[in-house]
Amino acid sequence: MTRLRRAALVGNPNAGKSALFNALTGARQKIANYPGVTVERKAGRLVLPSGEPVELIDLPGSYSFDTASPDEEVTRKVVMGDFPGEAKPDALVVVLDAANLEQHLVFAQEVIELGVPTVVALNMIDLAERDGLVLDPDALAQALGVPVIPTVAVRRRGLEELIAAIGTAETLAAARDHDAPRPHITLPERRLTASNIAKGAILSESAEHRIHAGLDKILLHPWFGPLILLAVLFVIFQAVFAWATPFADALDAGAGALSGLVVSNFPEGFLRDLVTEGIIAGVGSVVVFLPQIVILFAFILLMEATGYMARAAFVMDRLMASVGLSGKSFIPLLSSFACAIPGIMATRSIADPKDRLTTILVAPLMTCSARLPVYGIIIAAVIPNTRLAPFVGLQGVVLFALYIAGIVGAMVVALVLRSSVTKGAASGFIMELPRYQMPILKDLLIGLWQRAWVFLRRAGTIIFAATVILWLLLTFPKADPGESQVDASFAGQIANAMHPVFEPIGFNREMTLALVPAMAAREVAVSSLATTYAVDSEDEDKTLAALQGKITAMWSLPTALAFLAWFVFAPQCISTIAVARRETNGWKWPAFMVGYLFALAYVFAGLTYWAAVALGL
Ligand SMILES: Nc1nc2c(ncn2[C@@H]2O[C@H](COP(=O)(O)OP(=O)(O)OP(=O)(O)O)[C@@H](O)[C@H]2O)c(=O)[nH]1
Ligand SMILES: [Mg+2]
């Protein structure tokens, strides 16, 4: 007997493959309650009862082996052994959603027909039970001719049995007769067989799974649906401001105290200034936004886990279709609210190449979480914290408006692109709706921790590096007595040279300067401003509150609004550009993307500035 080395998880999207993968290998792959979450192959290690390690591969969900979307292509290639540099898996684990048996059995048959040793994980039996479904795994095993193990991936039920079955899959398969020629089976035949097998495996079924149909009637209603979605988003942005404030203030006070400690314990000079002006003022000004990021992601993760996110996609489908995008673009665009990078990668689940390209090109317009610190500091500094109504603050409304501006911008750009450079018909919506689920607290906390960690790691690496470099460029050469340090410095000279370009749209010198390092990441705009003002000022208070005070005192409202408008559009993120290059296989489209986004940013910042000036703001 050959030794089992590699096994792969296959099955329809949203069957729980990644949840099983995490449970079996201890990995932390993203799982979420909608199809199309995994778009790449991921490998992990599983240990068999015999003590032998097996490489387990998590794959993107797939409906069939003959489909066109790039993520399904990955699954096909890995399973068939066509994936470059990778041997064919020795065994396959087909993951089925027990409560969606008939649908999931269509692809399962196709997988089993390959003749590779196969085990079926009958997953989500808890949900099947909730829906009043009683299943007979033995009958299913009999009909499919492979072992069937009931599992609940998220509660770690059935894992030992599944691992044992994977361990003996090859021996079992070898005992089966493989010599019989397999007839070619058509899709309708497979559907019929799937339906018969499912009927044979379902012992009893109650009508309980109608409970959630009522909820769908409201949430997917043509009028209430969009209104509810808008209301949900509105609440999120109110919460981002209202709930985060005490935590952000505490963090800022902490940074201030730290700065004070450094000032009183270190001798005056280069090192002390680097730490207080560059690291604490600069990097600290970004870290202070951690509570807002966490609150934003808590909502996003909740929406994903409950199944509401997929409903939101459904609700948006009509609007998306009217600008030439399909509902399939919604999940990638929604992911872009976290960050455009996973958003652009998620477009791999879009089969139509022009649809996909359009989605990639507009993804950077979705307001990613890196913009939150920029919006946060400017809004806090120039928009009064007044209440428009109970629980409705003006600052939250402005933040909401900025998010909407990004969405509207993306829709308009998509419409223009779809009738010019990426001309073509929109494809229909084919996403299936996942069931409603109560979120699992542990998964939620892990997700939040991962997001927080990503943010802090950015602060500790890219933002830290960009800020320190800027501080050095701001500190040298030293100014003569009476001269402004910023004016004398290298950075100041660069800013002064660039300023004529940005003066017409209302930018001051500090803003212009911030744009350059902010190409590394948008948050750097905040740390740059903090560092620039810290270098320029004599006082010892270098906290975010101090920066906010400077902006309030020194920026006119039109100038501040122009800066906000700039960041709605500007492609200030090297990583996004790099990912766009990778996903479109060349520089042509990323160059186009950067060009049109900068042009839009300039025009809209200018329009905002002049409109605000004309209104006498
Ligand atoms: N109740 C219950 N939920 C589950 C189970 N397994 C997975 N889930 C949930 O189902 C959803 C989908 O799980 P994923 O692991 O992301 O599904 P996937 O098959 O990897 O999906 P794609 O990557 O899109 O192909 C998540 O919200 C999981 O928490 C289970 O056994 N019971
Ligand atoms: Mg997955």
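Every number for a ligand or one of its atoms is a count from 1 in the order of the listing.
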Do R435 and D97 sit within salt-bridge range, that is, some charged N less than 4.0 Å from a carboxylate O?
-> yes
Would you check, one step at a time, whether the test ring pair (Phe, Tyr, Trp, His ring centres under 6.0 Å) holds for Y63 with F107?
-> CA-CA 6 Å; Y63 293 101; F107 181 49; 8.3 Å; no
So, is I125 polar-close to ligand 1, with some N/O to N/O distance under 3.5 Å?
-> no
Hey, mind stepping through W243 and F237 against ring pair (Phe, Tyr, Trp, His ring centres under 6.0 Å) and telling me if it holds?
-> CA-CA 10 Å; W243 299 355; F237 296 122; over 10 Å; no
Provide, to 0.1 Å, the distance between atom 1 (N) of ligand 1 and the closest protein heavy atom, together with that atom's residue and name.
-> D126 OD2, 2.7 Å
When rounded to the nearest 0.5 angstrom, what distance separates CD in E583 from CZ in R581?
-> 10.5 Å
Are any side-chain N or O atoms of T461 and backbone N or O atoms of R457, one a donor and one an acceptor, separated by less than 3.5 Å?
-> yes
To which protein heavy atom is atom 19 (O) of ligand 1 closest, and what is the distance rounded to 0.1 Å?
-> K17 NZ, 2.7 Å
So, E189 and R191, do they make that salt bridge, N to O below 4.0 Å?
-> no
Any atoms of ligand 1 less than 4.0 Å from a non-hydrogen atom of V152? List them with their elements.
-> 30 (C), 31 (O), 32 (N)
Please check if any side-chain donor atom of S62 sits under 3.5 Å from a side-chain acceptor atom of T75, or the reverse.
-> no
Would you mind checking which non-hydrogen protein atom is closest to atom 17 (O) of ligand 1, with the distance to 0.1 Å?
-> G16 N, 3.1 Å
Could you walk me through whether M320 and L333 pass side-chain contact (heavy atoms from CB on, under 4.5 Å), step by step?
-> CA-CA 11 Å; M320 306 284 272; L333 291 181; 3.9 Å; yes
Ignoring angles and geometry beyond distance, decide whether S18 reaches within less than 3.5 Å of ligand 1 through its nitrogen or oxygen atoms.
-> yes
So which bit of Q437 gets within less than 4.0 Å of ligand 1, heavy atoms only: side chain, backbone, both or neither?
-> side chain
Less than 4.0 Å between a side-chain N and a carboxylate O, is that true for D216 and R311?
-> yes
Per-residue contact class, Y34 against ligand 1 - non-hydrogen pairs under 4.0 Å = backbone
Cationic N near anionic O, under 4.0 Å, K88 to D82 = no
Going by heavy-atom distance to atom 6 (N) of ligand 1, choose the closest among L9, N33, N123, L20.
-> N123
Proximity of A32 to ligand 1 by residue part, where a heavy atom lies under 4.0 Å = backbone
Please round to the nearest 0.5 Å and tell me the distance separating atom CD of E523 and atom CD1 of I293.
-> 7.0 Å
Short list, please: which atoms of ligand 1 are under 4.0 Å from a heavy atom of P35?
-> 24 (O)
Are R41 and E86 ion-paired here, with the side-chain N under 4.0 Å from a carboxylate O?
-> yes
Given that the side chain starts at C-beta and the backbone is N, CA, C, O, which of these parts of V37 lies under 4.0 Å from ligand 1, counting heavy atoms, or is it both or neither?
-> both
Pull up every protein N/O/S atom sitting under 2.8 Å from the Mg ion (ligand 2), skipping waters.
-> S18 OG, T38 OG1
For atom 23 (O) of ligand 1, which protein heavy atom lies nearest, and how many Å away is it?
-> T38 OG1, 2.7 Å
Mode of L127 contact toward ligand 1 - side chain, backbone, both, neither (heavy atoms, under 4.0 Å) = side chain
Nearest protein heavy-atom contact for atom 10 (O) of ligand 1: which residue, which atom, what distance?
-> M124 CE, 3.3 Å
Near G36, which atoms of ligand 1 are under 4.0 Å from a heavy atom of that residue?
-> 24 (O)
Looking at A19, G307, A128, A153, the heavy atom closest to atom 31 (O) of ligand 1 belongs to A153
Side-chain donor-acceptor pair present, S349, S69, cut-off under 3.5 Å = no
Checking side-chain contact (heavy atoms from CB on, under 4.5 Å) for the pair V79/F65: CA distance, chi angles, key distance, verdict?
-> CA-CA 9 Å; V79 170; F65 284 131; 3.8 Å; yes
G61 heavy atoms, cut-off 4.0 Å: which ligand 1 atoms fall inside?
-> 25 (O)
Is the shortest heavy-atom distance from the side chain of Y308 to the side chain of L229 under 4.5 Å?
-> yes
Residue and atom name of the nearest protein heavy atom (relative to atom 21 (O) of ligand 1), distance in Å to one decimal | N14 N, 2.9 Å
Check whether the side chains of S195 and K199 place a donor and an acceptor atom closer than 3.5 Å, and report yes or no.
-> yes
N/O to N/O below 3.5 Å, does that happen between P60 and ligand 1?
-> no
